[in-house]
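This chain uses plain numbering: 1 for the first residue, then up along the sequence.
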Amino acid sequence: MTPLKPVNSTDDLAINGAQPLFADPLHVGRPNIGDRPQFLRRTADLLDRRWLSNNGPLVQEFEYKIAAFLGTRHCIAMCNGTIALEIATRALDLKGEVIVPSYTFIATAHALQWQEITPVFADIDPCTHNLDPEAVRRMITPRTTGIIGVHLWGRAAPVAQLKAIANEYGLKLMYDASHGFACSHGGTMLGNFGDCEVFSFHATKFFNTFEGGAVVTNDDSLAEKVRLMRNFGFSGYDKVIYPGTNGKMTEIAAAMGLTNLEAIGDFMAINRRNYEIYREGVAGISGLSLLQYEQSEKNNFQYVVIELGPEFPVSRDDTVQTLHAENILARRYFWPGCHNMQPYQSRYPDAHLALDNTNLVAERVIVLPTGSTLGEQEILAILSVLRALAVGPNGKVTSAS
Ligand code: T4K
């Protein structure tokens, strides 16, 4: 690899006319891809079989292996996480109002709105970025039927407190575990909490099936309902016993999933190595903090999330712009919060009044690239840009190369 330019001060930055650090963009969410010959072998097999979808052998194997990996009784594979969320909320018979965080990807809210269920946004804990149980309590009305917690960044939502609230008010409880594949809480894999949990296996996720998702649950009758709904409600060749949709995962997606599942230890080790380099680097930069993971739990370390404190001399958006100029495509996930997107902003213009922490966190977070396409040299270079911004125009910072 060609040596990267040293960034010794802000004079060396692309926003000030220097060459960008990287010739090609570094993305947040570059897909992790397992053993290519294995994937191609599975692809050749499925083509030979001419069985491409509709609960084929690879999907069945995939479901069996995912359930075994998570320790859940059931895994129902889906075409994507959004449809999986929609089917899960239907199977749980959610209606009226459902409490969700606003600080999440828009699909968590849209999956409800799409079914004319009102997402009611509750505030988050500014330290964990997950739902604040007391804020959830404040949003409960006679129309509330459920809660969807999100395990943001792969760190568990407050599952014990949310369970207590759901029990107290007779609410359904499910989780959007899109970020949480291969993560645990209290030694139990995410996927085992609430009435059911939903994963996204989108290309940008830690574990991907190109596009894909799953509903996982330990409830046999719920699993049966979800399976029917995934396949138009068919219970036999000519027999439909339920309203359903098409949420099926394809065989090629399952082939990718099975291949990536075999490489999951490698993906995790790479992400962890990257995270540790970031951790050491960020520790020396005043005004920045890095989201911490509980070391006693399993983590996928997929999200390198930094927060800019008020003492950082450059605004969050100018920092992102500076990184982009270097071809480091950092993201402002999940700015500006679902409540500031449509149709929610128009329908619930006062929602922000109850979302102080959401607004605060959404304004100071940056997600940095990681994954199997990044090495130490690239990460040190990214850190050198952040350090240059922290030090200011005349300061000297450590060279990246
Ligand atoms: N709930 C939560 C909490 C979620 O985070 C998501 C998905 C869902 C539910 C819904 O699950 P799905 O229905 O998607 O299965 C991306 C993803 O499209 C979305 O799946 C994901 N969350 C979200 C956090 O990120 P964008 O708009 O940021 O995607 P985009 O196109 O900007 O891609 C991100 C970066 O990844 C880009 O810099 C390019 C790079 N990339 C992307 C793809 C698709 C690649 O390098 N290769 C690729 O194949 O939404």
Side-chain angles (χ1 to χ4, degrees), residues 31-88 91 177-178 181-182 189-192 196-242 244-268 300:
N32 287 325
I33 300 176
D35 186 62
R36 200 175 287 215
Q38 241 334 24
F39 171 68
L40 295 176
R41 185 187 58 72
R42 286 190 167 106
T43 304
D45 286 352
L46 78 88
L47 293 176
D48 288 346
R49 261 195 306 276
R50 289 181 186 265
W51 197 281
L52 308 183
S53 187
N54 290 20
N55 206 27
L58 292 175
V59 165
Q60 289 180 32
E61 184 185 347
F62 178 77
E63 290 184 337
Y64 176 81
K65 288 190 170 162
I66 294 289
F69 181 80
L70 299 173
T72 56
R73 284 178 63 75
H74 303 278
C75 166
I76 303 107
M78 299 275 177
C79 54
N80 62 52
T82 305
I83 295 287
L85 281 170
E86 288 173 18
I87 290 180
S178 294
F181 191 75
M189 298 301 281
L190 300 188
N192 287 277
C196 66
E197 302 213 37
V198 169
F199 288 103
S200 163
F201 303 140
H202 182 258
T204 55
K205 294 286 180 269
F206 171 65
F207 168 76
N208 84 84
T209 61
F210 297 114
E211 289 269 1
V215 177
V216 297
T217 180
N218 293 313
D219 178 331
D220 296 350
S221 60
L222 184 66
E224 189 50 36
K225 229 166 157 184
V226 169
R227 274 191 193 284
L228 283 168
M229 287 181 167
R230 177 184 64 172
N231 188 27
F232 312 102
F234 273 106
S235 72
Y237 265 129
D238 307 311
K239 196 170 166 200
V240 171
I241 60 168
Y242 227 84
T245 182
N246 182 356
K248 295 184 284 357
M249 177 179 271
T250 61
E251 286 288 275
I252 190 88
M256 184 67 157
L258 287 165
T259 307
N260 285 341
L261 196 59
E262 287 155 6
I264 214 140
D266 297 340
F267 300 156
M268 208 175 267
N300 59 32

When you measure from the side chain of R230 to the backbone of I76, do you find a donor-acceptor pair of N or O atoms at a distance under 3.5 Å? no
Do side-chain atoms of E251 reach the backbone of S53 as a donor and acceptor pair under 3.5 angstrom? no
Compare all side-chain heavy atoms of [X] with those of [Y] and state whether any distance is below 4.5 angstrom.
X	Y	value
N192	N218	yes
E197	T217	no
K225	L228	no
I87	M78	yes

Between R42 and E262, does any NZ, NE, NH1 or NH2 come within less than 4.0 Å of an OD or OE carboxylate oxygen? yes
Using a strict threshold of under 4.0 Å (side-chain N to carboxylate O), is an ion pair present between E63 and R227?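 Salt bridge present between R227 and E63.
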If you count the non-hydrogen atoms of other residues, nucleotides and ligands that lie under 6.0 Å from CZ in F234, is the total more than 12? yes
So does F232 have more than 12 non-hydrogen atoms from other groups sitting under 6.0 Å from CZ? yes
Under a plain distance cut-off of 3.5 Å, with no hydrogens placed, do [Y] and [X] share a side-chain donor-acceptor pair?
X	Y	result
D219	S221	yes
D220	H74	yes
K248	N54	yes
H202	T204	yes
N260	N32	no

Verify the ring-centre separation between F206 and F181: is it less than 6.0 angstrom?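 No.
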Parallel, tilted or perpendicular: ring planes of F201 versus F199, cut at 30 and 60 degrees: parallel
